[in-house]
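The shown structure was predicted, so the numbers you read here are calculated from the model rather than taken from an experiment. Each chain gets a letter, A, B and so on, in the order its sequence line appears, and its residues count up from 1.
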Amino acid sequence: MIRVEDLHRHFGGFRAVDGASLTIETGSITGLIGPNGAGKSTLFNVIAGVLPPTSGRVFMDGEDITGLPPHTLFHKGLLRTFQMAHEFSSMTVRENLMMVPGAQAGETIWKTWFQRGRIEREEAELRRKADEVLDFLTIRHLTHEKAGNLSGGQKKLLELGRTMMVDAKIVFLDEVGAGVNRTLLMTIADAILRLNRERGYTFCVIEHDMDFIGKLCDPVIVMAEGKVLATGSAQDIMKNEAVIEAYLGTGLKNKDMVGA
Amino acid sequence: MDIANALVVFLNFVFIPAAAYGAQLALGALGVTLVYGILRFSNFAHGDTMAFGTGTVILLTWGLQAMGISAGPLPTALIALPFGIALTALLVLGTDRAVYRFYRKQKAAPIILVMASVGVMFVMNGLTRVLIGVDEYRFDDGARFIMDVRTFREMTGLPEGLALRSTQALTVGVALVVMVALFWFLNRTKSGKAMRAYSDNEDLALLSGIDPERVVRLTWIIAAGLATIAGTLYGLDKSFKAFNYFQILLPIFAAAIVGGLGNPLGAIAGGFLVAFSEVAVTYPWVRVVGYLVPGYEPSGLMQLLGTEYKFAVSFVILIVVLLFRPTGLFRGKSV
Amino acid sequence: EEIKLGISLGFTGPLESMAPDMQQGAELAMKEVSDSGLLLDGSTVTAVTGDSTCIDAAAATATVERLIASEGVKGIIGGMCSGETIASLENVAKANGVVMISPSATSPALSTIEDDGLFFRTSPSDARQGQVMADILSDRGITSVAVTYTNNDYGKGLADSFQAAFEEAGGSVTVNSAHDDGKADYSAEVAALAAAGGEALVVAGYVDQGGSGVVRASLDTGAFETFVFPDGMVGNALESNFGSEIEGSFGQNPAAEGPGRDAYLAMAEEAGFDGTGAFSAEAYDAAALILLAMAKSGSSDPATYKDSIMDVSNAPGEEILPGQLARALEIIAEGGDVDYVGATAVEMVGGGESAGSYREVQITDGKLEVVGYR
Amino acid sequence: MATNRQAASSSSRWRAPVLFAVLAVLFVLEGTVRNSMFSGSWNTSLAILNMGLISAITALGVNMQWGYAGLFNVGVVGFLAMGALAPVLVSLPPVEGAWAAGGTRLMGALLVGLGTLAMAKLAWTRTRSGIATTAVLIAGFVAYRWLFDPAVVAIEANNPARHGNIGGLGLPVLLSWAVGGLFAAAAAWAIGKVALGLRSDYLAIATLGIGEIIVAVMKNENWLARGVMNITSIPRPVAQEVDLQNNPDFVEFASSWGFAAAEASGIWVKLSYMSLFLVVLLAIILLAELALKSPWGRMMRAIRDNETAAEAMGKDVTRRHLQVFILGSAVIGVAGAMMVTLDGLLAPTSYNPLRYTFLIWVMVIVGGSGNNWGAVLGAVTIWFLWIKAEVWGPALFALLTAPLPDSAFKSHLLDSAPHMRFIAMGLVLLLVLRFAPRGLLPEK
Amino acid sequence: MSDTTFGNRGNRDASVVNPKGRGTIDGTRRSGPLGPGQAGDPFLIGEAMTGGYGKGADILHDCTIAVEQGQIAVIVGPNGAGKSTAMKAIFGMLNLRQGSVRLNGQDITALNPQDRVKAGMGFVPQVNNIFPSMTVEENLEMGAYIRRDDIKATMAQVYDLFPAVAAKRRQAAGELSGGQRQQVAVGRALMTQPKVLMLDEPTAGVSPIVMDELFDRIIAIARGGLPVLMVEQNARQAMMIADKAYVLVQGANAHTGTGEELMKNDEVRRTFLGG
Ligand SMILES: Nc1ncnc2c1ncn2[C@@H]1O[C@H](COP(=O)(O)OP(=O)(O)OP(=O)(O)O)[C@@H](O)[C@H]1O
Ligand SMILES: Nc1ncnc2c1ncn2[C@@H]1O[C@H](COP(=O)(O)OP(=O)(O)OP(=O)(O)O)[C@@H](O)[C@H]1O
Ligand SMILES: CC(C)C[C@H](N)C(=O)O
Ligand SMILES: [Mg+2]
Ligand SMILES: [Mg+2]
């Protein structure tokens with residue numbers, strides 16, 4: 001679905017992404033892990049059109065999408081969530097969802113003056129769909145809450161919910177788990193799995209929680225210092241010496257002092 | 001010889017005036033930029049703070065002159081300046097107490113602060129006029145010229161003259177010194193770093209034990225100092241008229257924005273950019289060319305655009321600069 | 001009866017420093033008449049001032065509206081600047097049939113404006129001043145000048161009429177360019193003027209505005225040494241700002257020679273203000289004319305007295321100087337004729353504007369010195 | 001929480017009507033009570049109201065840009081001036097001889113100018129060669145000047161004392177209001193294309209600049225609208241006072257209401273203007289509210305809330321910004337055209353940023369940005385105060401200085417009384433902001 | 001993180017206002033007087049705290065959190081339970097309607113946050129916990145703002161602990177990756193050399209290897225005598241090292257015990273610790 005070829009993104013002299021090449025297969029849930037500063041978020045941002053690449057190409061279904069702006073990519077079915085939740089904080093949870101679909105008649109200004117009836121019909125349909133999504137995510141009770149008042153994890157759910165308002169092809173998730181309660185995280189994992197199975201979404205997931213990665217992802221891509229270090233199934237990756245040394249570590253050293 | 005003449009003409013009519021004007025704008029822009037960077041709003045009252053500061057300096061200068069005190073070849077106003085700064089700082093701190101502090105406490109939207117500063121601008125505007133009146137004052141004593149046209153001609157024997165006023169040299173010098181000092185203060189001293197920290201993340205500054213009200217006071221005092229210095233130097237060079245200090249606000253803001261608001265280095269660069277684009281683009285090159293290309297007598301003035309459009313032109317240049325430097329002249333590290 | 005007269009001048013705004021002297025001039029005339037007790041069976045005259053801001057036509061209109069509608073003034077001394085004057089005349093004064101006499105709006109456009117006989121001015125049109133200035137220059141043997149004007153109808157009108165007259169007389173204008181008032185810096189303007197060159201620089205601006213800025217920058221860069229100053233520039237500020245730096249420069253402003261002006265200056269000094277302030281004398285005359293016309297027509301109704309203004313201002317009749325308003329009222333009461341001369345040698349021509357006599361001044365030893373009248 | 005919310009909403013439900021009522025009372029007082037505070041004349045009152053309504057429309061335009069989309073336009077004065085050109089070019093009678101002198105040539109020049117820009121753009125997109133583009137630009141510019149300069153000289157030489165301009169088309173002046181909107185929209189389009197979608201500083205600089213540029217062009221291009229020589233006697237859409245006064249029916253009608261003819265004619269004319277302005281104002285508000293309460297409004301709120309996220313959700317932020325920027329500017333342009341129609345005068349020197357940019361901003365923010373009714377309330381209120389400050393300031397000052405003994409100091413202070421206008425205005429502004437820090441009618 | 005820079009209103013225009021780094025705490029507030037502590041208090045205790053943000057509804061309900069000298073106390077709970085709010089309440093960043101905060105034998109309920117720092121408290125907030133435009137080194141210096149002694153040694157220790165950050169000491173902290181920022185934030189708090197350290201989710205977004213380092217370090221600090229109070233979502237690791245653990249639900253204490261005890265409690269494990 002997505003093919004990245006020899007991608008570079010430099011900040012001044014610093015090479016945040018330094019010649020990364022990778023593929024995300026259609027229908028997969030691909031994990032992307034790596035030490036802090038490995039360039040994962042930067043890679044995401046380049047693919048999603050937020051940052052222009054220094055060099056290299058990105059293809060989606062064979063089409064060159066390098067440097068296309070995010071709103072164009074959205075209409076091509078490429079959606080993403082943010083490492084730090086980007087909700088529309090002064091709008092209600094339902095409005096956050098209803099604004100997503102493109103091509104709404106009511107978004108054309110003169111139609112809001114002359115086609116009130118049509119707009120009302122469309123709105124009713126959107127409301128129904130939004131409520132469905134809220135049910136799916138188990139946050140229906142928050143329908144009329146201002147999105148800004150949600151707690152961290154609920155915002156992450158809302159981020160996910162927005163991707164369900166339209167038929168996405170591929171969804172990029174950047175650390176949905178950071179700061180989210182583990183119990184809730186497993187709910188999110190289930191939601192992702194269901195979307196993948198029931199709706200055929202492709203996912204690419206950045207995460208530091210290995211349980212989450214292990215439960216969801218195949219394959220897993222490991223990045224370090226802007227390059228791809230390894231690719232493989234979650235089990236293989238967790239046994240990979242290089243990955244353990246650069247990323248996973250071997251657990252607490254001060255165990256002896258615990259509970260002293 | 002002709003090259004020398006061309007150079008003299010250029011220096012006399014373009015370079016020196018533009019440099020001095022640029023320094024004046026830069027000094028003003030420094031104040032605007034500082035308040036923007038640390039207190040987070042564009043202070044429209046800055047022009048009138050300059051006017052007020054200069055007004056007090058003038059009154060004090062008159063006092064000093066009446067007492068027979070002078071600074072030799074330098075303007076007496078320089079002696080009065082510190083006291084003027086002190087008075088202006090008091091007024092500005094009072095304003096903060098009476099006006100801005102309330103909104104800080106309320107965490108009001110910053111645009112409200114901008115509008116409050118418009119209110120303050122009106123009040124200060126009136127205050128200055130009540131204080132010193134609406135007339136034009138010259139308060140420049142001491143030696144006016146370092147080099148005047150006649151002396152230059154006699155010295156060099158060139159037909160073209162060159163003038164350099166002491167206030168021009170003073171302004172440029174002071175602007176550079178103030179900029180370096182401010183830069184040093186913000187980047188090297190503990191208080192300066194505390195100000196930057198506050199500017200960066202108010203809450204975290206608090207959690208590091210920085211007293212925000214102290215930072216705010218310090219900022220206002222420095223801003224008042226900058227305003228008074230800028231206003232006084234401008235007044236010495238041109239003359240003092242309360243009305244003009246509102247007019248200068250526009251180019252000052254332009255300078256501050258194009259330099260990258262919140263960035264002292266940018267303020268300086270922006271000031272010079274605005275000044276040079278105003279003066280150089282509308283300059284008729286006829287005489288310079290006349291000297292450079294002997295025997296060539298251009299019929300027109302060789303002027304790209306009339307001076308009526310100087311401000312407009314300088315804006316076009318600013319936009320073009322921004323287009324090519326999309327992050328402002330000096331991006332990145334700001335106050 | 002208590003008669004109210006409106007004074008609508010730019011007390012705030014770019015010409016705010018000129019306005020107070022003008023206001024005092026107008027009030028001086030009103031006080032003189034009031035004190036005499038001879039106007040329309042002992043009526044008193046009070047002044048109501050309004051701020052026209054000089055540049056904001058809307059604010060000026062609102063001010064004049066207020067003066068007329070709410071204060072019920074019977075006549076207006078003002079406006080100050082031409083643009084604002086035209087707006088308030090067309091929108092308010094004409095609609096209400098109130099007389100306006102402007103002391104200082106000098107735009108040629110006002111000569112031909114349709115005013116229903118309600119508008120007069122005690123200053124001459126700039127069309128005339130341009131001619132006078134050209135004459136002065138020719139007489140001094142200057143053949144090539146650069147011109148800079150304040151970018152409004154006054155400055156442009158004056159500069160253009162001067163250029164036409166001067167070129168007619170065989171002189172050449174190297175450049176005729178505008179400067180905007182209230183700018184922070186005039187280096188660019190001066191650089192352009194200097195590049196064009198010329199024996200002298202004509203500064204058709206305001207002395208407490210950009211005009212001074214241009215002169216200052218010219219002196220500092222040595223661009224020009226001799227300057228020519230029309231009315232907007234001839235003021236005390238010139239002496240205090242430049243003094244002997246502009247030694248030998250010259251100019252002219254509307255003012256008549258002779259006892260009228262001297263009398264006015266003495267009166268002003270006594271009243272504690274500066275009678276030489278630009279257009280201060282014109283303001284005195286404007287107020288005096290309205291009041292004399294009222295006496296003449298026996299009515300304070302503008303619709304009636306408007307027709308007497310030309311009458312009292314011009315011959316035949318006994319000449320009246322400042323300070324002699326009481327005498328004039330007596331003459332009128334006795335059925336006699338007056339010819340108001342006033343502080344500026346008023347002589348109304350055309351549609352009711354001063355014919356304009358000018359005094360020629362020169363800077364000698366750092367002081368403005370009158371060298372002749374034209 | 002629930003009770004809290006209810007209390008807040010019920011107070012806000014009454015807030016708008018109450019504030020508008022207070023404002024209405026002020027105007028009634030101004031119209032009826034004569035004392036040191038009010039003038040007691042309907043003419044003054046209505047004159048203030050009319051200008052207030054125009055300010056309100058301007059404020060609505062700014063509010064669209066700022067309140068809906070967070071676009072900071074500091075060139076309000078320029079868009080007003082753009083609109084102000086329309087009545088001159090549309091409704092003034094044609095100037096005799098002007099078209100013959102250089103009209104066709106001028107039109108040709110303008111076409112060449114636009115054509116050059118289009119060609120340059122084409123050259124750039126086709127070849128990506130700076131040299132080719134520059135060559136096109138230079139060639140076009142030369143051709144343009146070759147056509148343009150003689151035309152201007154000829155037109156300006158045509159009866160310069162009275163005209164010297166190209167003149168109008170002699171069409172009804174009401175039409176020019178719409179044209180004014182179009183002019184401003186065109187200017188906005190050009191600026192928006194360059195400056196929107198880049199950093200917000202661009203917009204600030206670009207609008208600040210365009211304000212200056214448009215006014216500079218108006219001042220200096222005499223062929224267009226006589227420059228600083230001003231255009232007067234712009235046609236009116238309503239009756240002339242003098243005609244009314246000469247109309248016996250009207251005089252009788254007036255006296256039946258107990259008004260003198262002169263006074264009544266003034267009131268009549270002002271009322272006519274007022275109805276026209278109200279129609280425009282209400283139409284704009286209606287359209288704006290309809291759009292705002294639709295998915296369009298939701299989208300705009302989303303964009304304003306979080307541009308990055310809106311972009312990621314497929315909204316073309318730059319295009320939408322351009323759209324509101326144009327719409328807002330068009331509204332400002334309409335106001336500009338209305339203003340010259342009311343003044344009957346185009347005086348470019350009066351277009352200064354303090355009055356036409358900052359004051360409008362004060363109106364929008366004091367009213368409560370993002371709220372249309374707030375913009376209207378703020379505009380009319382601030383304009384009322386701006387005018388009344390002329391009287392109230394000195395009055396306040398006299399009151400303050402009254403206890404002082406007579407002295408040079410006091411007389412110095414009294415001489416400064418006119419400047420109290422600014423102090424009074426400033427104080428009022430600060431007080432309003434103090435007691436309604438989010439504006440008089442905050443956005444819901 | 002939601003962008004509330006403009007109070008959820010429009011206008012993101014950076015040319016009139018500076019959107020960067022606006023605070024939420026009222027910095028103009030003056031401290032009230034210190035009160036006496038209570039006998040038998042732990043080193044730091046926020047007792048029976050009830051309160052919320054501004055005029056909004058209460059978020060904390062009679063919530064008590066305490067930490068003893070030399071121990072680690074961990075707060076866990078679902079998202080939105082009020083964990084961060086409790087931390088802020090202890091730090092004086094919101095007005096308590098009821099309850100008190102006592103530190104080291106004194107009642108500090110009336111102190112403002114600045115003075116609590118001076119009283120020896122150090123805090124790493126959950127979000128916005130660095131100075132983005134200052135360099136990493138300056139961030140650390142600001143951590144030591146109230147210290148008058150030589151800070152070189154402490155700084156060396158911090159760089160030792162976070163070598164990835166040490167390499168970037170001259171770079172603006174805002175240009176770091178999410179996890180690197182988190183390391184700078186913790187480093188800043190360590191620079192204070194506080195008497196008690198409060199950390200709000202210090203390990204969010206950091207890679208496993210760094211997380212282990214961090215926990216190691218926290219243990220070492222606590223054993224060195226400095227009490228540590230932290231909120232954690234990586235609950236299992238956190239429970240392992242906790243001397244005392246609090247489970248907060250809807251602003252109230254739901255379970256309290258040692259880390260081990262809570263790990264053994266099935267319901268707690270299932271509902272809050274993620275199985
Ligand atoms: N704007 C920038 N300027 C300079 N350097 C940058 C910038 N943005 C990112 N970097 C650098 O690029 C590197 C990669 O950052 P990135 O955010 O992609 O890391 P990451 O893999 O997402 O890490 P994490 O897991 O911590 O989120 C980091 O070392 C960071 O310092
Ligand atoms: N500034 C605020 N204003 C109003 N309500 C707030 C504010 N911050 C948080 N809340 C509300 O307070 C409640 C508790 O929030 P808090 O941040 O303390 O949760 P938390 O337990 O730290 O959650 P998380 O694990 O997601 O960080 C939530 O319902 C949240 O909506
Ligand atoms: C006050 C004056 C200098 C005004 C000027 N004569 C004008 O018509 O605008
Ligand atoms: Mg990341
Ligand atoms: Mg939290």
Side-chain angles (χ1 to χ4, degrees), chain B residues 9 12-14 16-18 20-21 24-25 28 126 129 133-138 144-145 148-150 152-153 160-163 165 168 234 237-239 241-252 275 278-288 301-303 306-308 310-311 314, chain C residues 10-20 146 148-149 151 156 174-197 206-223 225 235-238 240-243 245 274 277:
Chain B
V9 170
N12 192 32
F13 288 110
V14 179
I16 294 177
Y21 176 42
Q24 283 151 6
L25 291 183
R129 287 163 204 225
V134 296
D135 295 330
E136 181 162 355
Y137 301 107
R138 296 260 327 269
R144 184 157 177 85
F145 287 98
D148 67 19
V149 174
R150 198 160 303 158
F152 182 84
R153 285 200 192 119
E160 293 295 345
L162 182 79
R165 255 168 294 151
Q168 287 174 323
Y234 175 72
D237 191 45
K238 310 266 154 60
S239 66
K241 190 161 192 301
F243 185 78
N244 284 357
Y245 284 82
F246 172 73
Q247 299 287 330
I248 198 177
L249 195 62
L250 226 56
I252 282 181
E278 270 193 28
V279 178
V281 172
T282 55
Y283 184 68
W285 295 96
V286 55
R287 268 162 79 183
V288 174
L301 289 174
M302 308 198 59
Q303 189 182 18
T307 47
E308 306 87 276
K310 68 171 183 183
F311 214 47
S314 80
Chain C
F11 289 99
T12 62
L15 294 184
E16 56 193 13
S17 55
M18 280 187 180
T148 179
Y149 60 88
N151 205 0
K156 173 128 180 82
T174 57
V175 61
N176 185 357
S177 69
H179 63 259
D180 280 303
D181 281 330
K183 284 284 183 255
D185 179 85
Y186 292 99
S187 314
E189 283 80 357
V190 168
L193 294 168
Y206 299 123
V207 68
D208 57 356
Q209 279 297 320
S212 277
V214 172
V215 174
R216 170 58 47 215
S218 305
L219 286 171
D220 287 342
T221 51
E225 276 157 8
N236 281 348
L238 212 51
S240 60
N241 283 357
F242 304 108
E245 283 180 277
D274 177 14

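- The parts of C:Ala223 that come within reach of chain B are both its backbone and its side chain, each placing non-hydrogen atoms under 4.5 angstrom from that chain.
- Between C:Thr221 and B:Ile16 there is no side-chain heavy-atom pair separated by less than 4.5 Å.
- Chosen from B:Gln24, B:Glu278, B:Arg150, B:Arg129, the residue pairing most often with chain C at heavy-atom distances under 4.5 Å is B:Arg129.
- Under the 4.5 Å side-chain criterion, counting only non-hydrogen atoms from C-beta, C:Val214 is in contact with C:Leu193.
- Interatomic distance, C:Asn151 CG to C:Lys183 NZ, rounded to the nearest 0.5 Å: 10.0 Å.
- With hydrogens and angles ignored, the 3.5 Å screen pairs a side-chain donor or acceptor of C:Asp181 with a backbone N or O of C:Gly210.
- Contact of B:Tyr137 with chain C is not made at all, since no heavy-atom distance falls under 4.5 Å.
- Between chain B and the options C:Gly213, C:Ala194, C:Pro20, heavy-atom pairs under 4.5 Å are most frequent for C:Ala194.
- When each of B:Pro251, B:Pro17, B:Ala18 is scored by its heavy-atom pairs under 4.5 Å with chain C, the top score falls to B:Pro17.
- Only the side chain of C:Asp180 comes within contact range of chain B, with heavy atoms under 4.5 Å apart.
- With sequence neighbours excluded, the residues satisfying side chain to side chain donor-acceptor pair (under 3.5 Å) with C:Thr148 are C:His179.
- Comparing B:Phe13, B:Phe145, B:Phe246 by how many heavy-atom pairs each has under 4.5 Å with chain C, the most go to B:Phe13.
- B:Gln168 has its side chain out of reach of B:Tyr21: every pair of non-hydrogen atoms, C-beta onward, lies at least 4.5 Å apart.
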